[in-house]
Number of protein chains: 2
Amino acid sequence: MSQDDQIYSQMFSALLEQRLTPGTKLSEDVLGEIFGVSRTVVRKVLQRLAHEKVVCILPNRGAFVAEPTPEEARDVLEARRVVEAGIMRNVVKHCSQTDIRRLEAMLKEEEASIEKGEHSTWVSLSGDFHMALAAISGNKSLEDFLRELVSRTSLIHVQYQSKKIGTQNCSCEEHADIIDAIRDADEGRAVSLMLSHLDAIEETLNLDGDKPESDLYAIFGGSK
Amino acid sequence: MSQDDQIYSQMFSALLEQRLTPGTKLSEDVLGEIFGVSRTVVRKVLQRLAHEKVVCILPNRGAFVAEPTPEEARDVLEARRVVEAGIMRNVVKHCSQTDIRRLEAMLKEEEASIEKGEHSTWVSLSGDFHMALAAISGNKSLEDFLRELVSRTSLIHVQYQSKKIGTQNCSCEEHADIIDAIRDADEGRAVSLMLSHLDAIEETLNLDGDKPESDLYAIFGGSK
DNA sequence: ATCGATAACATTGTATACAAACATTACAAA
DNA sequence: TTTGTAATGTTTGTATACAATGTTATCGAT
């Protein structure tokens, strides 16, 4: 694994685990210092993250952790509905016993993280569950695209997290239901469960309320 | 528009118009010479194209125009079915009269290019038609993803073009039928027409026949 | 005190230099 | 003729230097 990939992985994980939060400035010098490399390789990583839309590069201004707008958030969730419905149809066809056991194991991990109240771990594990389904579906293009959408969803969660935490517990049950549908090879049910799961995620967010700061920031989009 | 973007556009166009063909070596020095810039900016462009999977970067070996495998080709076409079905559902909902007129104009251009026998122009225009639909659908994420898939489809066309050219003429009619369905706001028909259109494209390719060279090359995948 | 202009500073954009990896060629041995 | 090895040359990977741009601070005018 090359130098770039290692740094990329570390930054990507930090993003998924919500240790890097939207709006954070990603200075080339500072990152180079931290990882012990020159700006050249940092830039390469930042450009990759920018292409995946989890980082935003403003010309001559620098790189920042992306701050998805409500519109982008809706786009991402809708794209996920489209893509993951397609994925589910393939999963039901291709899923082996081994795959199902793996999914069940992942579900257990999720439950454990919720028990312990480790929210950011759960967001990360929840993403892994969806990515596992994509891997089972066997379409590399859709899998890669979903990776982008899932990581962006993680940022969206940070920005538009609903105050009421109670609603999140269901997500785990929803994953369990999806596994059941797959086990029964019930394509229609699997797809519709996935769709309502994604709907539920979107409803958890408060996308139209309460701009986080004063109107001017929301309108002209300065980075915090 | 920055320097990178200009060079990117030129290379991307060359790719879509099939002037850059799969397997072509993209030397940093040569490209830098051609565009009058240093390797730094060339590398940036190559990395972007690599992320869009139309260019393949082999570590310490350099960049090449991607040579999609039959498996990748099938993945891309399947991903397109999933994504463009979703897009069509939105298009039927959002499409304005102006949009339809624009689609009709594009269709006329396509017909003209087929008349003149300008095959590569038609491939490019055909891609534009699909991208126009994506734009109308109003989902930026799906639109960006489809751009990737369409450009990869262009490379796939080059590599797996069927010998019989006769079958290609229908594509234009298929686009016409799709416009009709949109005009009638017939969601079901629009979606199924798009799906069979993409099936038809896939059937045009010969994905399982005739390895281009002897077995050793096919098995170990040297670039020509 | 606020606003505007200017200067000092910091950060990114690009080019280039050097190091490392790879490919090719030439040549010797089997 | 083919295979293995060494030397050469080419290409990419990384660091760094300089230029261009953006940001911030200072200072004077209103």
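Labels below follow one simple rule: chain letters A, B, ... track the order of the sequence lines, proteins then strands, and each chain is numbered from 1.
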Inspect the contact between B/E202 and B/R81 and indicate whether a charged nitrogen and a carboxylate oxygen are less than 4.0 angstrom apart. yes
Residues from residues 26-38 of chain A sitting under 4.0 Å of DNA chain C, heavy atoms only? A/S27, A/E28
For A/L58 and C/dT12, give me the distance from atom CG to atom P, rounded to whole Å. 11 Å
Is it the case that atom CZ in A/R74 sees more than 12 heavy atoms from other parts of the structure closer than 6.0 Å? yes
Side-chain donor or acceptor of A/R39 under 3.5 Å from a matching atom on the base of C/dG13? yes
Is A/E148 salt-bridged to A/K53, going by a charged N under 4.0 Å from an acidic O? no
Atom CD of residue position A/E71 - does it have more than 12 heavy atoms of other residues, nucleotides or ligands inside 6.0 Å? no
Any side-chain N or O of B/Q3 under 4.0 Å from OP1/OP2 of C/dT14? yes
Take the protein atom CD of B/Q6 and the nucleotide atom C1' of C/dT14, then report the distance between them rounded to whole Å. 15 Å
Between D/dG13 (C1') and A/I7 (CD1): distance, integer Å: 13 Å
Check whether B/S126 reaches the backbone of B/W122 with its side chain - one donor and one acceptor, N or O, closer than 3.5 Å. no
Length of the CZ-P vector between A/F64 and C/dT11, whole Å: 11 Å
Nearest to the side chain of B/T40, heavy atoms from C-beta on, is which of C/dG13, D/dG13, C/dT16? C/dT16
Side-chain N,O (B/R43) to OP1/OP2 (D/dT12) below 4.0 Å: no
Report yes if a side-chain nitrogen or oxygen of B/R61 is closer than 4.0 Å to either non-bridging phosphate oxygen (OP1 or OP2) of C/dA21; otherwise report no. no
Whole angstrom is fine here: how far is it from CG in A/N60 over to C1' in D/dT21? 5 Å
Contact check, side chains of B/H197 and B/H175, non-hydrogen atoms, under 4.5 Å: yes
Determine, for A/K140 against B/D75, whether the closest basic-nitrogen to carboxylate-oxygen distance falls under 4.0 angstrom. no
Just N and O in the side chain of B/K25: are any of them under 4.0 Å from OP1 or OP2 of D/dT12? yes
